[in-house]
Amino acid sequence: MEFTIKSGSPEKQRSACVVVGVFDNRKLSLSAELIDRASNGYISEIIRRGDMEGKLGATLLLHNVRGTLADRVLLVGLGKERDFRDKEFRSAMKSAVKLLNETGSYEAVVYLTEEKVKRREVAWRVEHAVVVAMEAVYRFDEMKSEKAEVRRPLRKLTLSVPQRSDLTDGEAAAARGLAIAHGMDLARDLGNLPGNVCTPKYLGDRATAMAQEFPDLKVTVLERPALEELGMGSFLSVTNGSDEPPRFIVFEYRGAAKPGRPLVLVGKGITFDTGGISIKPATDMDQMKYDMCGAASVFGTLRAIVELKAKIDVIGLVAACENMPSGRATKPGDVVKSMSGQTIEILNTDAEGRLILADALTYAERYDPMAVVDIATLTGAMVIALGHVATGVFSNNDTLGRALVAAGDDAFDRAWQLPLWDDYHEGLASNFADFANVAGRAGGSITAACFLSKFAKKYDWAHLDIAGTAWKDGKEKGGTGRPVPLLTTWLLAQEGVQH
Ligand code: BES
Ligand code: MN
Ligand code: ZN
């Protein structure tokens, strides 16, 4: 989809459709008011008759409204005016775009971006309008033999800003939104692909293809012999039961004016998690194809960063493999040596994410990073703690933890910080190795983060547990593209800060 920014009166737009908001209680938005005036009160008449009550997300499509130059006017309910905040803005935008995409308008001019949203400037509204619009039209039918054809899909959206002086900011915001949306689309696609297609090799090949598409991006893919050479005994222990060879993917983007210490993203790329010998129950096991969504968010975020040519240095690391049972698989009680030299007693082979991340975190040391953020669908306990709303944040540096939470708030890709106190480390004690890979059930997400912290002592580090936020179950089953918006927003905020 294509986006442009414009400033001007709604009744004067020559367009297939003009989109304006209506609040609850018969309160017209400023742009609806202008259409109402131009049409001699047609809009207020419709509202008086009760055809549009202004409930959040309600839509009413009108044709040939007199006094206007557009073919159609779409009224969108905005809910109560005093409750119209970021979430409501996004939800109204989503309803509008869904309707436009399903009806005959291949193009439209949207005035919702002119509405006041608490704490959010016009640039925020434009950026989010773009992201939400792209999310609303996303489809995944790569694996279907017949693609569902939308007859006249929405091709172009023009977003209106209140003043001509807002145009420049608006255009930059739209570009940011579009890059984030492209990154989310990529993360969603990779997540949605089944485990028999999206293998570690497939991820490596996609990364290589990305470097061909974006010359500013350098990609190196390491295979088993190189990983053995590096001493990644923890990562490799997870691959033992699988016939699919592992991949370790290194993305390098150097956009900073002066070469400096990079920001490093590390993604968990388990392309399927059966649990290994500590095998998972059959119910819903198919969802474990999403166990590479951390890796997918690294792909997506790097895509957004290169598209924007951001002035920062970013490294992306992805450890990719399958977790399978077999005669050669790692067994509970096995002890392995990580790249850091620390030994691990693997008491549960289903706690495999932390084992692959351990070595990836050690690998990150070579970049002398300014900060390292890992992203992983790490624990079922995260879903119990924060549900499907917020990503869990853990950090050995409070400023970094808070910056990530703030970026999540800005991006409406929300995250919440949990503690990493020493007290939680005790459960990982082992009689046979330096420590075990699991503690008890209590505080499972925190003890998992504690385990990771043992491999991240040499730099500022944060861990994002996206087990509850990376995909949706039920009718809307599929990848969400989270936390690409959070990560991109955080990285862009480091432009000029990085040194
Ligand atoms: N990939 C899972 C975590 C997961 C489970 C994410 C369900 C989303 C939904 C991870 O590898 C795992 O199996 N974790 C175990 C850890 C346990 C053995 C300490 C878990 O959460 O049960
Ligand atoms: Mn597991
Ligand atoms: Zn897993």
Side-chain angles (χ1 to χ4, degrees), residues 191 195 198 200 203 234-235 237-242 244 246 266-297 318-325 329-334 344-358 360 374-392 394 418 424-425 427-430 435-452 463-474 477-480 482-483:
C198 186
L203 286 177
S234 185
F235 176 22
S237 75
V238 179
T239 73
N240 285 350
S242 167
E244 292 288 345
V266 178
K268 169 178 174 182
I270 296 288
T271 58
F272 197 83
D273 182 12
T274 65
I277 296 299
S278 314
I279 199 161
K280 288 182 180 295
T283 311
D284 290 339
M285 207 208 271
D286 67 288
Q287 293 189 16
M288 285 299 114
K289 73 172 183 177
Y290 291 112
D291 212 17
M292 35 55 69
C293 280
S297 76
V318 165
C321 71
E322 276 185 343
N323 186 22
M324 298 288 283
T330 296
K331 303 169 290 296
D334 286 2
I344 305 160
E345 184 185 14
I346 300 176
L347 288 176
N348 190 322
T349 64
D350 198 11
E352 84 298 338
R354 60 195 82 182
L355 294 173
I356 70 169
L357 290 173
D374 78 67
I375 311 99
T377 47
L378 203 66
T379 61
M382 199 70 250
V383 192
I384 305 302
L386 296 180
H388 300 287
V389 178
T391 291
F394 306 81
L418 288 90
Y424 288 104
H425 278 262
L428 293 170
S430 160
F435 40 83
N437 75 329
V438 289
R441 270 165 51 85
S445 304
I446 305 180
T447 54
C450 283
F451 178 92
L452 294 177
H463 157 59
L464 303 182
D465 193 333
I466 57 167
T469 52
W471 77 88
K472 283 185 184 157
D473 195 14
K477 188 168 180 171
T480 59
R482 293 177 69 181

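Quick caveat, the model's predicted, so the values are computed rather than measured. Just follow the structure's listing: the first ligand is 1, and inside any ligand the first atom is 1. Position 1 is the first residue of the sequence, and the numbers go up from there.
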At a 4.0 Å cut-off, with the gap strictly under it, does some heavy atom of [X] reach an atom of ligand 1?
X	result
M288	yes
K280	yes
D291	yes
F451	no
K268	yes

Is a salt bridge present between D374 and K268, judged by a nitrogen-to-oxygen distance below 4.0 Å? no
Of the protein's non-hydrogen atoms, which lies at the shortest distance from [atom], and what is that distance?
atom	value
atom 4 (C) of ligand 1	G380 N, 3.8 Å
atom 10 (C) of ligand 1	L378 O, 3.3 Å
atom 8 (C) of ligand 1	W471 CH2, 3.4 Å
atom 18 (C) of ligand 1	N348 ND2, 3.4 Å
atom 15 (C) of ligand 1	D350 O, 4.0 Å
atom 2 (C) of ligand 1	D273 OD2, 3.6 Å
atom 6 (C) of ligand 1	A467 CB, 3.6 Å
atom 16 (C) of ligand 1	R354 NH2, 3.8 Å

So, the side chain of [X] versus the backbone of [Y]: is there a donor-acceptor pair under 3.5 Å, distance only?
X	Y	result
R354	N437	yes
H388	G468	yes
S278	T349	yes
T274	N323	yes
T469	T391	no
T447	G444	yes
T480	A470	yes

State, yes or no, whether a side-chain contact exists between L378 and L452 at a heavy-atom distance under 4.5 Å. yes
Closer than 4.0 Å and a protein heavy atom, does any atom meet both conditions relative to atom 22 (O) of ligand 1? no
Can you measure from [atom1] ([X]) to [atom2] ([Y]) and round to the nearest 0.5 angstrom?
X	Y	atom1	atom2	result
D334	E345	CG	CD	9.5 Å
M285	I279	CE	CD1	4.5 Å
T330	M324	OG1	CE	13.5 Å
T271	K289	OG1	NZ	12.5 Å
C321	D273	SG	CG	9.5 Å
L347	S430	CG	OG	6.5 Å

Does a donor on one side chain sit under 3.5 Å from an acceptor on the other, for D465 and T379? yes
Provide the protein N, O or S atoms situated under 2.8 Å from the Mn ion (ligand 2); waters are not included. D273 OD2, D350 O, D350 OD1, E352 OE1
From atom 11 (O) of ligand 1, work out which of M292, M285, E352 has a heavy atom at the shortest distance. E352
Against F451, only a single residue in V438, L355, L357 fulfils side chain to side chain contact (heavy atoms under 4.5 Å, CB included); can you say which? L355
Does ligand 1 come near enough to V438 that some N or O of the ligand is less than 3.5 Å from an N or O of the residue? no
Protein N/O/S atoms closer than 2.8 Å to the Zn ion (ligand 3), ordered by chain and number, come to K268 NZ, D273 OD2, D291 OD2, E352 OE2
